[in-house]
Enquirer: 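A single structure is presented below for examination.
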Amino acid sequence: MAQEWFRTHCARFDHGGCGLKVSLKDGRVDKVVPDPDDPFSHGWHCRKGLSAKERLESDLRLTQPLRRNGPRGSGLWEPIGWDQALDFLAQQFIRAIETSGPESVAFAQGAPKGPEFFLLLRLANLLRCPNVAGSQHVCHMPREQMALVTCGFFPVADLEGPSRCVLLWGSNPPATNEEGVLGGHLHACLKQGARLVVVDPLRTALAEKADVWLQIRPGTDDLLAMGFLHIILEEGIYDREFVERWTVGFDDLRQAVKPYTPQRVAAGCWVSEEKIRAAARLYAQSRPACLQWGNAVEHTPKSANTCRALVHLMAVTGNLEQPGGNIRAEMPRLLALKDMIALDEFPDRPKKLLNRHHGILPRLISVPSWMVVQSIVDQAPYPIRCLYVQGSNPLLSYTEAEVVKKALESLDFLAVADQVMTPTAALADLVLPVALPMEYDDIGHYGLPHGFITARPKLVDPPDACRSDLWIINEWAKRMGLGDRFWPKAEDILEAIVAPSGLTYGEFCQRGVLFGPKRYRTYQDKGFKTPSGKVELRSSLMEKWGFAGLPAAEDPEPLPDDFPFLLTSRKPKDFFHSAYRHLERLRREHREPTVWISLDSASRLGISEGQEIFIETAHGRITQRAHLTDALQHPVVLADFGWWFPEKVDDPMRGWQVSNLNRVTAVTRTDPVMATPQVRAIPCRLIPA
Ligand SMILES: Nc1nc2c(c(=O)[nH]1)N[C@H]1C(S)=C(S)[C@@H](COP(=O)(O)OP(=O)(O)OC[C@H]3O[C@@H](n4cnc5c(=O)[nH]c(N)nc54)[C@H](O)[C@@H]3O)O[C@H]1N2
Ligand SMILES: Nc1nc2c(c(=O)[nH]1)N[C@H]1C(S)=C(S)[C@@H](COP(=O)(O)OP(=O)(O)OC[C@H]3O[C@@H](n4cnc5c(=O)[nH]c(N)nc54)[C@H](O)[C@@H]3O)O[C@H]1N2
Ligand SMILES: [Mo]
């Protein structure tokens with residue numbers, strides 16, 4: 001008999017969501033292969049997605065709820081049943097809310113992975129708990145919020161335009177499939193002839209192919225973006241018609257970018273004037289051109305200015321909402337996000353938030369994670385005593401890990417839902433084992449501005465007592481007295497999400513992907529969704545909130561004598577942040593935490609390939625293994641993010657501190673608008689171990 005294949009989408013391995021075909025044998029996943037007929041990914045895939053079977057069957061998976069049965073972090077646990085676990089969870093939260101108010105409990109979600117993020121927000125809002133810690137201040141919100149204030153939508157690169165030029169800025173889609181832009185889409189765009197400009201301190205595979213590669217000094221993207229604007233305005237290579245008809249504040253912008261001469265920018269960014277001019281011209285003069293920006297532009301305390309200047313680039317070159325430029329990705333008709341998260345039912349949320357006095361942050365659905373950590377430690381502006389962590393590993397992913405540890409250890413109650421015993425879970429009072437993709441019905445990309453959703457139907461049963469996050473929150477909510485505001489079964493949540501499309505969940509799965517309508521130049525009818533109806537190069541909203549109406553940039557400080565190297569990072573190609581080091585198929589491609597060091601830097605320090613290196617910043621020291629490369633320039637070093645050692649089962653904390661990049665980051669200075677700490681471009685020194 002021919003083997004039967006089921007279609008699904010890769011999930012929770014990165015932001016992509018490539019189409020996969022799965023065969024089953026005896027109720028278990030047998031084979032996982034890319035789906036060449038998928039209307040979104042067209043067969044594009046990576047190793048991670050093909051490791052789905054190993055992820056399901058890993059010996060290190062959690063399979064039972066566990067209750068702490070010894071000192072915090074001792075690794076002593078008592079397995080318990082779900083009834084007991086959910087009762088315990090509900091009791092702890094009810095007690096805290098009753099005795100110390102709803103502000104005394106908080107929730108945390110890492111990178112959004114599925115609809116459970118929004119279900120968690122619903123629970124929080126219905127309980128009137130304002131604080132859900134998130135990574136949005138370092139992930140997407142600087143880009144999204146600065147775009148919203150400037151042009152009223154989140155501009156997505158329209159690679160299928162077709163585009164005649166791609167400006168790839170601090171983004172590496174072939175490795176990260178960042179936010180619905182698959183590496184495969186970018187390759188296709190380049191294949192049809194688009195020119196390429198890359199802004200990256202690392203010579204990536206795409207930088208190698210680029211027409212112009214700007215090997216930027218890490219952390220100076222604000223300066224370079226202002227330099228691009230300076231050149232484009234000075235040389236008059238902007239879109240006059242668009243600027244005149246559809247923007248406000250152009251003359252102010254002209255003044256604002258004047259000081260950023262190519263000479264000044266070249267000196268600050270370590271790139272030659274000629275190259276900057278060539279890149280700015282290529283982008284401005286190839287129409288349409290799209291700007292694909294990445295996470296790197298929102299990892300400094302200058303994230304808001306950097307992102308705003310980049311939106312201005314899209315605007316003045318006339319590329320906003322143009323085919324092949326940066327467009328508004330409309331979602332298909334689905335349950336409105338504000339209804340899913342019950343936002344209107346907590347109208348005084350902005351007044352209760354930890355960051356309630358901050359101009360823009362109360363607009364976000366989550367609170368910058370470091371603010372939650374700080375309030376736990378300081379017990380101010382009010383004490384937070386209980387925390388529920390879902391799909392996040394704060395000990396590895398939050399800045400200033402030592403302080404995070406102190407905060408987690410000081411809580412009255414910590415619950416963590418995860419697939420494996422992470423260092424964060426090791427500190428918990430209660431650990432909940434989650435079901436994984438293919439073990440429950442799920443939807444990809446709901447709630448994100450990507451213009452589509454993907455089907456991820458259940459194909460096999462989860463092992464033992466694993467349950468989906470959707471199920472866990474739905475059942476927990478019932479025990480919090482919110483049964484009538486949640487759903488009889490977790491599956492009903494998915495029906496509710498897709499219902500406005502006119503499809504059942506089953507019918508949606510038959511289609512596989514649901515795209516929103518693709519529309520261009522909608523502003524011609526409705527204007528831009530800003531107070532003036534135009535692109536606000538000078539932002540009235542920013543001014544209303546007490547910030548500058550125009551972006552500005554800083555010249556970088558010289559590196560201090562005692563920290564003469566500059567540390568940056570990127571996302572791990574074969575892992576998802578701190579996850580999946582336990583999958584051998586992925587681990588064998590990237591065995592150990594590795595710091596990339598230029599040949600020049602290495603020879604100055606006498607470092608050889610494979611040597612253990614201490615990386616020290618003003619905040620701490622970690623160890624990673626040296627890899628020598630000519631893809632970086634001295635004194636830039638690129639370290640690995642997210643490393644702990646799931647295989648070290650004899651250590652209850654799984655070696656969380658040894659190579660953890662966030663032990664050398666800190667929350668000293670943060671962006672005044674977006675609260676972003678210095679995550680990249682940190683002065684450091686290297687010491688052969
Ligand atoms: N130094 C530094 N810090 C950073 C970054 C950086 O580049 N450098 N990047 C930042 C960014 S952009 C982000 S988004 C954050 C990410 O921060 P986090 O989301 O906290 O990081 P992850 O490692 O993805 O943690 C996810 C955890 O979720 C678990 N998990 C996976 N799938 C599921 C699921 O379906 N349910 C549940 N309950 N658990 C699941 C994984 O096993 C893993 O332990 O980190 C930020 N921190
Ligand atoms: N494989 C994999 N994919 C992922 C993730 C993952 O952990 N693993 N995480 C997901 C998440 S939550 C996010 S937010 C996205 C992020 O994905 P991307 O937006 O692609 O971001 P990064 O990989 O962090 O960095 C992209 C590039 O920025 C460069 N870079 C480093 N410092 C600087 C700098 O100062 N300036 C500039 N211009 N460039 C710099 C790096 O060399 C790298 O090539 O990826 C998502 N996809
Ligand atoms: Mo992210």
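Both ligands and their constituent atoms are indexed starting at 1 by order of listing. Here the structure is a predicted model, which means the values were calculated and not measured. Residue indices begin at 1 and follow the sequence shown.
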Enquirer: Looking only at protein heavy atoms, which one is nearest to atom 15 (C) of ligand 2, and what is the separation?
Expert: E178 OE1, 3.1 Å
Enquirer: Does R591 come within less than 4.0 Å of E584, counting only side-chain N to carboxylate O?
Expert: yes
Enquirer: Which atoms from ligand 1 have a heavy atom of V138 less than 4.0 Å away?
Expert: 10 (C), 12 (S)
Enquirer: Can you confirm, on distance only, whether ligand 2 has an N/O atom lying under 3.5 Å from any N/O atom belonging to D574?
Expert: no
Enquirer: Checking a contact table here: which protein heavy atom is nearest atom 31 (C) of ligand 1, and how many Å away?
Expert: Q419 NE2, 3.5 Å
Enquirer: Under 4.0 Å between a side-chain nitrogen and a carboxylate oxygen: does that hold for D442 and R12?
Expert: yes
Enquirer: Of all the atoms in ligand 1, which lie at a distance below 4.0 Å from a heavy atom belonging to F576?
Expert: 23 (O), 24 (O)
Enquirer: Under 4.0 Å from a heavy atom of N662: which atoms of ligand 1 are those, numbered in the order shown and with their elements?
Expert: 1 (N), 2 (C), 3 (N)
Enquirer: Does an N or O anywhere in G219 fall below 3.5 Å from an N or O of ligand 2?
Expert: yes
Enquirer: So, F452 versus F40, ring centres under 6.0 angstrom or not?
Expert: yes
Enquirer: Which bit of H299 gets closer than 4.0 Å to ligand 1, counting heavy atoms only: side chain, backbone, both or neither?
Expert: side chain
Enquirer: Under 4.0 Å from a heavy atom of G294: which atoms of ligand 2 are those, numbered in the order shown and with their elements?
Expert: 19 (O)
Enquirer: Hey, what's the ring geometry for W643 with H590, parallel, tilted or perpendicular (30° and 60° as the breaks)?
Expert: tilted
Enquirer: Using heavy atoms and a 4.0 Å limit, tell me yes or no: is R217 in contact with ligand 2?
Expert: no
Enquirer: Going by the atom numbers of ligand 1, which of them fall below 4.0 Å from some non-hydrogen atom of S392?
Expert: 18 (P), 20 (O), 25 (O), 26 (C), 27 (C), 28 (O)
Enquirer: When you measure from atom 32 (N) of ligand 1 to every protein heavy atom, which one gives the shortest distance, and what is it?
Expert: K113 CD, 3.9 Å
Enquirer: Inspect the contact between R61 and E439 and indicate whether a charged nitrogen and a carboxylate oxygen are less than 4.0 angstrom apart.
Expert: yes
Enquirer: To which protein heavy atom is atom 25 (O) of ligand 2 closest, and what is the distance rounded to 0.1 Å?
Expert: R680 NH1, 3.3 Å
Enquirer: List the atom of Q215, the atom of A631, and the distance in Å for their closest heavy-atom pair.
Expert: NE2-O, 3.4 Å
Enquirer: Give the single entry among G114, G391, A579 that approaches atom 26 (C) of ligand 1 most closely by any heavy atom.
Expert: G391
Enquirer: Between Y283 and W169, does the ring centroid distance fall short of 6.0 Å?
Expert: no
Enquirer: Ignoring angles and geometry beyond distance, decide whether R570 reaches within less than 3.5 Å of ligand 2 through its nitrogen or oxygen atoms.
Expert: no
Enquirer: Tell me, with the steps shown, if R203 and D630 meet salt bridge (charged side-chain N to carboxylate O under 4.0 Å, His left out).
Expert: CA-CA 8 Å; R203 196 180 67 235; D630 64 358; 2.9 Å; yes
Enquirer: Among the heavy atoms of C139, does any lie under 4.0 Å from an atom of ligand 2?
Expert: yes
Enquirer: Hey, are E475 and R467 close enough for a salt bridge, meaning a charged N less than 4.0 Å from a carboxylate O?
Expert: no
Enquirer: Would you name the heavy atoms of L60 and P646 that are closest together and state the gap between them?
Expert: CD1-O, 3.8 Å
Enquirer: My understanding is that only one of P201, P218, S569 makes a side chain to side chain contact (heavy atoms under 4.5 Å, CB included) with R680; could you say which?
Expert: S569
Enquirer: Students should be able to answer this: which protein heavy-atom is nearest to atom 19 (O) of ligand 1, and at what distance?
Expert: A111 N, 2.8 Å
Enquirer: To which protein heavy atom is atom 4 (C) of ligand 1 closest, and what is the distance rounded to 0.1 Å?
Expert: F641 CZ, 3.3 Å
Enquirer: Pull out every atom of ligand 1 sitting under 4.0 Å from any heavy atom of S135, numbered as shown with elements.
Expert: 13 (C), 14 (S), 15 (C)
Enquirer: Can you tell which of A417, P437, P394 gets a heavy atom nearest to atom 38 (N) of ligand 1?
Expert: A417
Enquirer: With under 30° as parallel and over 60° as perpendicular, where do the rings of Y580 and F13 fit, or are they tilted in between?
Expert: tilted
Enquirer: Distance to 0.1 Å, residue and atom name: give those for the protein heavy atom nearest to atom 44 (O) of ligand 2.
Expert: D200 OD2, 2.6 Å
Enquirer: Who's closest to atom 45 (O) of ligand 2 heavy-atom-wise, of L168, T176, T204, N295?
Expert: T176
Enquirer: Which is closest to atom 11 (C) of ligand 2 in terms of heavy atoms, R143, H15, H140, K573?
Expert: H15
Enquirer: With a heavy-atom distance limit of 4.0 Å, tell me whether K571 approaches ligand 1 through its side chain, its backbone, both, or neither.
Expert: side chain
Enquirer: Which atom pair, heavy atoms only, marks the closest approach of L414 to A428?
Expert: O-CB, 3.5 Å
Enquirer: Measure the acute angle between the ring planes of F154 and H140, then classify it against the limits of 30° and 60° as parallel, tilted or perpendicular.
Expert: tilted
Enquirer: What verdict does the side chain to side chain contact (heavy atoms under 4.5 Å, CB included) test give for L583 and R47, after you've listed the backbone C-alpha separation in whole Å, the side-chain angles of each residue and the deciding distance to 0.1 Å?
Expert: CA-CA 11 Å; L583 302 185; R47 270 195 285 271; over 6 Å; no
Enquirer: Distance to 0.1 Å, residue and atom name: give those for the protein heavy atom nearest to atom 39 (N) of ligand 2.
Expert: P201 CD, 3.3 Å
Enquirer: When you measure from atom 8 (N) of ligand 1 to every protein heavy atom, which one gives the shortest distance, and what is it?
Expert: V679 CG1, 3.3 Å
Enquirer: How far is atom 46 (C) of ligand 1 from the closest protein heavy atom, and which atom is that?
Expert: S397 O, 3.5 Å
Enquirer: May I ask you to identify, for A681, whether its side chain, its backbone, both or neither come under 4.0 Å of ligand 2 on a heavy-atom basis?
Expert: neither
Enquirer: Among protein heavy atoms, which sits nearest to atom 12 (S) of ligand 2, and what does the distance come to when rounded to 0.1 Å?
Expert: H577 NE2, 2.9 Å
Enquirer: Which atom names give the shortest non-hydrogen contact between P551 and M226, and what distance separates them?
Expert: O-CE, 3.1 Å
Enquirer: Please indicate whether any nitrogen or oxygen in E116 is less than 3.5 Å from any nitrogen or oxygen in ligand 1.
Expert: no
Enquirer: If the threshold is 4.0 Å, N to carboxylate O, is there a salt bridge linking E54 and R587?
Expert: no
Enquirer: Are the charged groups of E178 and R143 less than 4.0 angstrom apart, N to O?
Expert: yes
Enquirer: May I ask you to decide if the ring planes of F565 and H634 are parallel, tilted or perpendicular, using 30° and 60° as cut-offs?
Expert: perpendicular
Enquirer: To which protein heavy atom is atom 34 (C) of ligand 2 closest, and what is the distance rounded to 0.1 Å?
Expert: D221 OD2, 3.6 Å
Enquirer: Go through ligand 1 atom by atom and flag the ones less than 4.0 Å from a non-hydrogen atom of T422.
Expert: 44 (O)
Enquirer: Classify the ring geometry of W471 against W82: parallel below 30°, tilted from 30° to 60°, perpendicular beyond 60°.
Expert: perpendicular
Enquirer: Of the protein's non-hydrogen atoms, which lies at the shortest distance from atom 41 (C) of ligand 1, and what is that distance?
Expert: D418 OD1, 3.4 Å
Enquirer: Does N177 reach ligand 2, in the sense of a heavy atom lying below 4.0 Å from it?
Expert: no
Enquirer: Can you tell me how far CD of Q136 sits from CG of L361, rounded to the nearest 0.5 angstrom?
Expert: 10.0 Å
Enquirer: Please could you name the atoms of ligand 1 that G110 approaches to less than 4.0 Å, counting only its heavy atoms?
Expert: 18 (P), 19 (O), 20 (O)
Enquirer: Can you tell me the protein heavy atom closest to atom 36 (N) of ligand 1 and the distance?
Expert: D469 OD2, 2.6 Å
Enquirer: Any N or O on P572 sitting closer than 3.5 Å to an N or O of ligand 2?
Expert: yes
Enquirer: Show which atoms of ligand 2 fall inside a sub-4.0 Å distance from at least one heavy-atom site of L202.
Expert: 42 (O)
Enquirer: Can you list the ligand 1 atoms lying under 4.0 Å from a non-hydrogen atom of R12?
Expert: 34 (C), 35 (O)
